[in-house]
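Some notes on the structure that comes next.
Computed from a predicted structure; not experimentally measured. One-based numbering, in listed order, for ligands and for the atoms of each.
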Amino acid sequence: DAPRDQICLSCHDEYQKTADWLMSQTKHRPQVAIICGSGLGMLADTLKCQDSFAYSDIPGFPQSTVQGHAGRLVFGELKGKTCVCMQGRFHMYEGHSLCKTTFPVRVFKLMGVETLIVTNAAGSLADGLQPGDIMVIKDHVNFPGLVGLNPLCGPNDDKFGPRFPAMSGCYDKGLRCVAMEIAKQLGVASLVQEGVYAMVGGPNFESIAEARLLHRLGVDAVGMSTAPEVVVATHCGLRVFGLSLITNKVVKSYEDSDSVNHEGVLEIGRLRSHTVQQLVTELVSRMEINNNNTNNAV
Ligand SMILES: O=P(O)(O)O[C@@H]1C[C@H](O)[C@@H](CO)O1
Ligand SMILES: Nc1nc2[nH]cnc2c(=O)[nH]1
């Protein structure tokens, strides 16, 4: 039955083995981890002095199977910070257990990462959010988690965090404030706003009734990822920043003949890749890591 499928006891021992293997293959010791959403893998291209590994070569790593998810782990330097970037993430709908979907987050923690930046492509439910806009995630609704499809199900690993972790404020307010400031300075404030992200299981996109329900519930954008990674990151004490690239308007009217497809999602990713890259790069450059004294640090 599904809940037991989520209890991947084998992951318990794999985290350290994978972290040790990676640390034997690269001299980089990342402080910031970046998870690239559909069509956003180009974020990794900005890293300098890269060491990169195909997921298929990394012990314990699942495989990316979705178009627009390259399946490479890229280590490098970005604005003086050592980063690790996932070009391609894992989704529940690919058939991965939630333990495997979130596996990299705990590996990053064991490698010394302190901050997780998570990006995704999402559909807009809010009237003011248009395709091409960027939503800074203020909070999330983890629908699968509400019914027990949660990566923390099963025996708690006290080494990472508490049995009952709090989730209020899991999207760091300081980082959100700086991101909004950066958007102004980049001249893209009109494209960027905060909002609530909802994760649904997918892989189908929403029916009109589902879209209308989510909208009534106060959700601004909907996707098929991100929440499980953020739950695990929060559990093990990582600071989290998330953004959604809005790739389409979710159809909420029975009169509307529009429909969404993955190719269109990836097209918006290509259109906005530079802006997302600028925002994330500038945010990383202002991060305070290990108590360095840097201006505008957060
Ligand atoms: O990996 P993300 O959440 O960015 O990808 C979204 C959700 C689906 O995987 C895909 C659908 O087009 O976009
Ligand atoms: N669930 C969901 N995920 C998306 N990812 C990109 N667009 C969408 C969408 O409209 N719905």
Quiz item: What do you reckon, does E206 have a nitrogen or oxygen under 3.5 Å from a nitrogen or oxygen of ligand 2?
Solution: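 There is such a contact, yes.
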
Suppose I only count heavy atoms of [X] and a 4.0 Å limit; which atoms of ligand 2 are within that range?
| X | result |
| --- | --- |
| A121 | 5 (N), 6 (C) |
| T247 | 6 (C), 7 (N) |
| V250 | 10 (O) |
| M224 | 1 (N), 2 (C), 3 (N) |

Quick one: does [X] get an N or O within less than 3.5 Å of an N or O on ligand 1?
| X | result |
| --- | --- |
| A121 | yes |
| Y197 | no |
| N120 | no |

Exercise. Would you check, one step at a time, whether the test salt bridge (Lys or Arg N to Asp or Glu O under 4.0 Å) holds for K252 with D127?
Key: CA-CA 11 Å; K252 291 186 294 194; D127 297 339; 3.3 Å; yes

Self-check item: For K27 against D51, the heavy-atom pair lying closest together
Solution: N-OD2, 4.1 Å

If you define the side chain from C-beta out and look only at heavy atoms, does anything of [X] sit under 4.5 Å from [Y]?
| X | Y | answer |
| --- | --- | --- |
| V200 | F143 | yes |
| I208 | R212 | yes |
| I58 | Q25 | no |
| S259 | V251 | no |

Distance from [atom] to nearest protein heavy atom, with residue and atom:
| atom | value |
| --- | --- |
| atom 11 (C) of ligand 1 | H262 ND1, 3.4 Å |
| atom 8 (C) of ligand 1 | Y93 OH, 3.5 Å |
| atom 9 (C) of ligand 2 | F205 CD2, 3.4 Å |
| atom 7 (N) of ligand 2 | N248 OD1, 2.7 Å |
| atom 5 (O) of ligand 1 | S38 OG, 2.7 Å |
| atom 3 (O) of ligand 1 | S225 OG, 2.6 Å |
| atom 1 (O) of ligand 1 | H91 NE2, 2.6 Å |

Sub-4.0 Å atoms of ligand 1 with respect to non-hydrogen atoms of [X]:
| X | answer |
| --- | --- |
| R89 | 1 (O), 2 (P), 3 (O), 4 (O) |
| G37 | 4 (O) |
| F205 | 11 (C), 12 (O) |

Quiz prompt | Non-hydrogen atom of G223 closer than 4.0 Å to ligand 2 | solution =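 In this structure, G223 qualifies as a contact of ligand 2 - some heavy atom is under 4.0 Å.
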
Quiz item: Is L98 reachable from L146 through a run of I, L, V, M, F, W or Y residues, each pair having side-chain heavy atoms under 4.5 Å apart?
Solution: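 Different clusters.
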
Practice problem: Spell out, yes or no, whether L125 and L191 are grouped together once hydrophobic residues are joined by side-chain heavy atoms under 4.5 Å, including indirect joins. | Solution: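 Different hydrophobic clusters.
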
Exercise. Could you see which bit of V200 sits under 4.0 Å from ligand 2, with heavy atoms only: side chain, backbone, both or neither?
Key: side chain

Quiz item: Which bit of A122 gets closer than 4.0 Å to ligand 2, counting heavy atoms only: side chain, backbone, both or neither?
Solution: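 Looking at A122 and ligand 2, just backbone atoms fall under 4.0 Å.
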
Quiz prompt | Y254 atom OH, neighbour heavy-atom count above 12 within 6.0 Å | solution = yes

Self-check item: Worked verdict on F90 versus Y55 for ring-ring contact (aromatic ring centres under 6.0 Å, His included)
Solution: CA-CA 11 Å; F90 311 117; Y55 291 167; 5.2 Å; yes

Practice problem: Please work out whether the ring planes of F160 and Y15 are parallel, tilted or perpendicular, with thresholds of 30° and 60°. | Solution: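 F160 and Y15: perpendicular rings.
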
Quiz item: Please walk me through it: do W21 and F61 pass ring-ring contact (aromatic ring centres under 6.0 Å, His included)?
Solution: CA-CA 11 Å; W21 184 87; F61 249 57; 9.3 Å; no

Self-check item: With I182, the side-chain contact (heavy atoms from CB on, under 4.5 Å) member among V188, L279, V192
Solution: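 It is L279; the other options fail the test.
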
